Amino acid sequence: MTDFNYTIASINHASKSFGQKKVLSDITLNIKQGQIIGLIGPSGSGKTTTIKCLLGMEKLDTGSAAIFGEKMPNRQILEKIGYMGQTDALYETLTALENLTFFGNLMGITGAELTAAINKNISLVNLTDSLHQIVAAFSGGMKRRLSLAIALLANPDLIILDEPTVGIDPSLRLDIWTQLRALATIQKAIIVTTHVMDEAEKCDLVGLIINGKIFALGTPNELKKKFNATSIEEVFLKAEVSSK
Amino acid sequence: MIQFKAVLVRVIKEIIRDKRTLALMLLAPILILTLMNLVFNSNTDTKLKLGVTTSVPHKIIQSLPNSKVSIHHYQNSHNHTQKIQAANLDAFVTRNKNKLEITYENEDPTKSAQVKSLFANALLASNIKELSATLKEMPLQPSTKRTSLNFKIKNSYLYGNSNSTFFDKIFPVLIGFFVFFFVFLISGIALIRERTSGTLDRLLATPIRRSQLVFGYLAGYGLFAILQTLLIVLFAIYILQVEIVGNLFLVLLTNILVALVALVIGLFVSTFANSEFQMMQFIPIIVVPQVFFSGIIPLDTMAHWVKFISYLLPLSYAGDALTDVMIKGQGLNAIAKDWLILLVFLVIFTFLNIVGLKRYRKV
Ligand SMILES: Nc1ncnc2c1ncn2[C@@H]1O[C@H](COP(=O)(O)OP(=O)(O)OP(=O)(O)O)[C@@H](O)[C@H]1O
Ligand SMILES: [Mg+2]
């Protein structure tokens with residue numbers, strides 16, 4: 001497939017507690033150029049927190065995170081990261097175009113470059129016809145797609161997507177994954193969390209997080225072999241049982 | 001710079017789209033001012049209703065100004081309580097030997113006070129008449145005969161004029177208060193919305209500087225605050241006919257400063273609230289006390305430590321500066337100190353906001 005040579009993002013021996021509650025313990029992950037890494041795990045296991053710590057939005061108690069060789073948190077590095085949160089963070093009173101323009105500007109792109117980026121990404125998520133519609137009138141899936149378009153807008157080298165395909169219909173979901181794979185082949189690094197196990201099958205690497213620990217990490221085939229399972233779904237279920 | 005402009009443009013668009021909030025910001029103060037103007041100004045037009053028995057000397061009744069009282073005559077003072085109630089009198093007057101006995105309805109103590117002072121004046125006036133009558137009978141001093149007796153009071157006012165009402169006095173403070181209140185509330189709620197909708201987190205996952213975000217907010221809401229101030233002040237001058245003695249420009253600038261202070265305090269306080277409703281809970285704690293200390297109630301007579309509280313409240317400086325300009329017609333010299341302190345508030349809270357955003361992103 002691709003040559004995994006250059007590490008784009010890494011998180012080393014990361015631990016994090018919220019108050020008394022230990023949410024992450026000793027998480028280590030490396031994401032390389034051209035790689036799609038999928039994070040799976042039960043609800044509340046710490047996937048979102050891992051991502052936020054990597055981005056520097058949460059502070060690690062111990063351990064470190066680095067992106068493009070720079071220690072995080074680092075404001076300037078954020079320019080090269082496309083992030084899509086688990087909740088749709090959109091301005092409901094503004095139109096899709098206005099949301100795209102706003103976040104595009106924040107990422108530092110303007111003018112013709114921005115227009116071109118908007119057109120390209122809005123058609124990718126199939127929202128071209130709704131470009132001038134107020135976001136409050138969007139369906140859940142439409143909002144999700146708009147968030148995705150915003151994340152991809154600045155042509156980032158590292159793309160971090162927290163459950164990007166929730167509420168998106170199967171055919172569009174397929175399109176999006178085709179697109180993610182295309183981005184990976186042009187040497188982007190992609191981190192995706194998901195609860196959809198056949199999406200996990202499409203990743204180059206799958207990290208299974210349970211109770212804030214990396215329970216297993218490897219290619220989908222490696223994981224299936226290790227747990228003696230025929231699908232990632234089975235891996236997930238077996239892992240959850242054996243972790244208790 | 002792109003980021004600052006983006007925030008500014010977005011804030012403006014959001015305000016314009018939210019018609020209700022826009023109306024609240026621009027029309028509500030005008031509505032309330034109009035109502036207050038009506039309430040405080042109509043008071044002075046009504047006549048005091050006095051019940052008077054025949055035993056009260058004619059001279060005294062004649063000395064009461066016709067324009068301010070209407071007299072109801074009664075034969076005696078039997079059941080005067082019922083008489084007061086039946087005719088809705090403000091006071092009932094009767095004579096007991098050489099004493100005037102006045103019973104006040106006292107539902108509205110200001111009316112009682114007015115009646116009291118009217119009678120004091122009337123007694124004085126009739127005394128002077130008696131005096132003049134005696135003087136007329138004194139042939140020894142013919143030179144003082146005419147001139148000394150036409151006592152008249154000429155009233156001069158340092159500030160305002162004889163038409164000055166309570167509304168005129170509190171109006172400068174009211175303007176400052178409205179600007180403060182609405183900007184405080186709306187900016188605070190805007191930031192809470194930004195937080196609860198997740199857009200704040202999303203925003204801070206871009207390379208925007210925290211200061212750019214705060215300044216973007218400041219500029220966006222500042223613009224509407226300027227609009228609001230213009231509207232309130234012009235409405236007051238041209239429709240409500242409130243007189244502004246000093247420089248209109250100073251009034252506007254002071255209010256813009258107030259708005260910016262309200263903005264940064266609103267943004268700051270909103271970090272301690274988790275919902276719009278919790279933001280409302282700050283009104284009685286932060287906004288209402290400022291009204292008491294902003295000049296509506298005279299502070300000179302208060303205990304020293306109470307006065308000290310007022311030094312901590314931005315609205316007291318705003319009220320002071322606005323009163324200086326609008327009523328006393330003073331210039332920049334008089335209000336420079338107030339401006340300076342407001343600026344200090346502005347700088348401190350802006351700084352606190354920028355630092356406070358570290359809660360959501362560490363850089
Ligand atoms: N700001 C916070 N304060 C306190 N606890 C938190 C906070 N954010 C997350 N947690 C806790 O940390 C744990 C991990 O949460 P996280 O959002 O990372 O889970 P997740 O794996 O993304 O779950 P899901 O699949 O449901 O999105 C949860 O138990 C959650 O309650
Ligand atoms: Mg999550």
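Note that this is a predicted model, so its numbers are computed, not measured. The chains referred to below are lettered A, B, ... by the order of the sequence lines, with proteins before strands, and numbering in each begins at 1. In what follows, every heavy atom counts, from backbone to side chain, and hydrogens, waters and symmetry copies are set aside.
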A/N74 (side chain) donor-acceptor with A/Q76 (main chain) under 3.5 angstrom | yes
Would you call A/R181 and A/D204 a salt bridge, using N to O less than 4.0 angstrom?
-> yes
Any idea which of A/L94, A/L55, A/T110 has the most non-hydrogen atom pairs under 4.5 angstrom with chain B?
-> A/L94
On a heavy-atom basis, the closest approach of A/A9 and A/I67 is CB-CG1, 3.9 Å
For chain B, the option from A/M84, A/K59, A/K52, A/E58 that forms the most heavy-atom pairs under 4.5 Å | A/K59
Which of A/G104, A/A154, A/A89, A/G85 touches chain B most, by non-hydrogen pairs under 4.5 Å = A/A89
Select, from A/I109, A/L106, A/T87, the one with the greatest count of heavy-atom pairs under 4.5 Å involving chain B.
-> A/L106
pair B/M326-B/V251: side-chain heavy atoms closer than 4.5 Å = yes
Side chain, backbone, both or neither: which part of A/I160 has a heavy atom under 4.5 Å from chain B?
-> neither
Can you name the closest pair of heavy atoms from B/L313 and B/S316 and give their distance?
-> O-OG, 2.7 Å
Ignoring hydrogens and angles, write down the donor-acceptor pairs under 3.5 Å from the side chains of residues 226-235 of chain B, residues two or more places apart or on other chains.
from	atom 1	to	atom 2	distance (Å)
B/Q228	NE2	B/M25	O	2.8
B/T229	OG1	B/A225	O	2.7

Against chain B, label A/K80 side chain, backbone, both or neither, depending on which of its atoms sit under 4.5 Å from a heavy atom there.
-> neither
The side chain to side chain contact (heavy atoms under 4.5 Å, CB included) partner of A/I37 among A/L29, A/I190, A/V192 is A/L29
Looking only at heavy atoms, what is the nearest atom pair of B/T254 and B/A321, with distance?
-> CG2-CB, 3.9 Å
Any idea which of B/K13, B/Q212, B/M1, B/R202 has the most non-hydrogen atom pairs under 4.5 angstrom with chain A?
-> B/R202
Residue selection (most heavy-atom pairs with chain A, distance under 4.5 Å) from B/L204, B/D201, B/V9 | B/D201
Candidate list B/V183, B/T21, B/I16, test side chain to side chain contact (heavy atoms under 4.5 Å, CB included), partner B/F224, passing option | B/I16
Just wondering, do A/I51 and A/Y83 contact through their side chains at under 4.5 Å, heavy atoms?
-> yes
Sort by residue number and list every member of residues 255-284 of chain B having a non-hydrogen atom under 4.5 Å from chain A.
-> none
Using non-hydrogen atoms and a 4.5 Å limit, figure out which bit of A/N99 sits close to chain B: side chain, backbone, both or neither.
-> neither
Interface check, chain A: of B/R10, B/R17, B/Q3, most non-hydrogen pairs under 4.5 Å belong to B/R10
By a 4.5 Å heavy-atom criterion (distance strictly below it), what part of B/R193 contacts chain A: side chain, backbone, both, or neither?
-> neither
Measure the acute angle between the ring planes of A/F102 and A/Y91, then classify it against the limits of 30° and 60° as parallel, tilted or perpendicular.
-> perpendicular
